[in-house]
Amino acid sequence: NAGVMQNPRHLVRRRGQEARLRCSPMKGHSHVYWYRQLPEEGLKFMVYLQKENIIDESGMPKERFSAEFPKEGPSILRIQQVVRGDSAAYFCASSPPADLKNEQFFGPGTRLTVL
Amino acid sequence: LAKTTQPISMDSYEGQEVNITCSHNNIATNDYITWYQQFPSQGPRFIIQGYKTKVTNEVASLFIPADRKSSTLSLPRVSLSDTAVYYCLVGDMEKSSGDKLTFGTGTRLAVRP
């Protein structure tokens with residue numbers, strides 16, 4: 001059973017470009033979470049999605065950021081018109097639909113660098 | 001979400017037992033306590049979770065006193081490969097809360113030979 005997969009692992013963008021980060025959850029997992037981590041800091045929650053639904057986006061910046069988890073295919077975190085402050089590691093995690101333990105399984109992350 | 005406080009860093013030597021304590025004075029009745037481990041350039045990895053008393057698995061033990069206002073992660077006989085950042089989190093057991101995890105800055109454990 002493959003773990004959570006994220007791609008690309010490294011992404012370089014110039015200011016003003018768009019960044020698309022992909023996350024394929026573990027097989028059988030229908031819950032996906034996105035987190036952002038700045039150097040030397042902990043992870044900060046961004047958004048929680050289930051298939052075709054955004055459940056909690058309280059950690060998402062109001063502008064330029066969006067996320068989706070379509071019925072088919074990976075979850076996508078999209079950042080429009082990137083700025084240098086968007087440079088960070090973005091982690092995706094998934095969990096099964098009926099997990100009382102609330103354990104999340106994390107992917108390896110995508111490191112975004114904005115030039 | 002209950003706020004957690006843990007030491008910023010700890011040093012240890014190979015073969016020693018390491019205990020990392022986390023304070024969560026405002027823990028709520030439905031909150032459980034979870035510890036994650038993160039290596040450089042990797043995503044966090046679940047270590048252990050508990051609600052009260054003691055929990056043990058093949059990796060670590062988790063001690064939770066009766067008042068649940070703190071918890072201690074115990075790593076027996078650490079090795080160099082245990083050098084990582086350890087995060088203590090508290091979260092609501094109710095799925096309807098959104099399941100989001102709140103990570104603090106964690107404890108950087110450095111294991112020396």
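Letters A, B, ... are given to chains in the order of the sequence lines, protein chains preceding strands, and every chain is numbered from 1.
- When A:Gly42, A:Gly107, A:Ala93, A:Gly59 are compared by the number of non-hydrogen pairs under 4.5 Å with chain B, A:Gly42 comes out ahead.
- For a residue to count as touching a neighbouring chain, one of its non-hydrogen atoms must lie under 4.5 Å from one of that chain's; by this rule A:Gln6 does not touch chain B.
- Within 6.0 Å of the OH atom in B:Tyr13, the count of heavy atoms belonging to other residues, nucleotides or ligands does not exceed 12.
- Using modelled atom types, no side-chain atom of B:Thr4 and backbone atom of B:His24 make a donor-acceptor pair closer than 3.5 Å.
- Ring-centre distance between A:Tyr33 and A:Tyr48: below the 6.0 Å cut-off.
- Taking B:Gly43, B:Pro44, B:Gly106 one by one and counting their heavy-atom pairs under 4.5 Å with chain A, the maximum is reached by B:Pro44.
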* Does the pair A:Glu18 and A:Arg78 meet the rule for a salt bridge (charged side-chain N to carboxylate O under 4.0 Å, His left out), with working shown? -> CA-CA 7 Å; A:Glu18 178 180 284; A:Arg78 182 182 177 201; 2.8 Å; yes
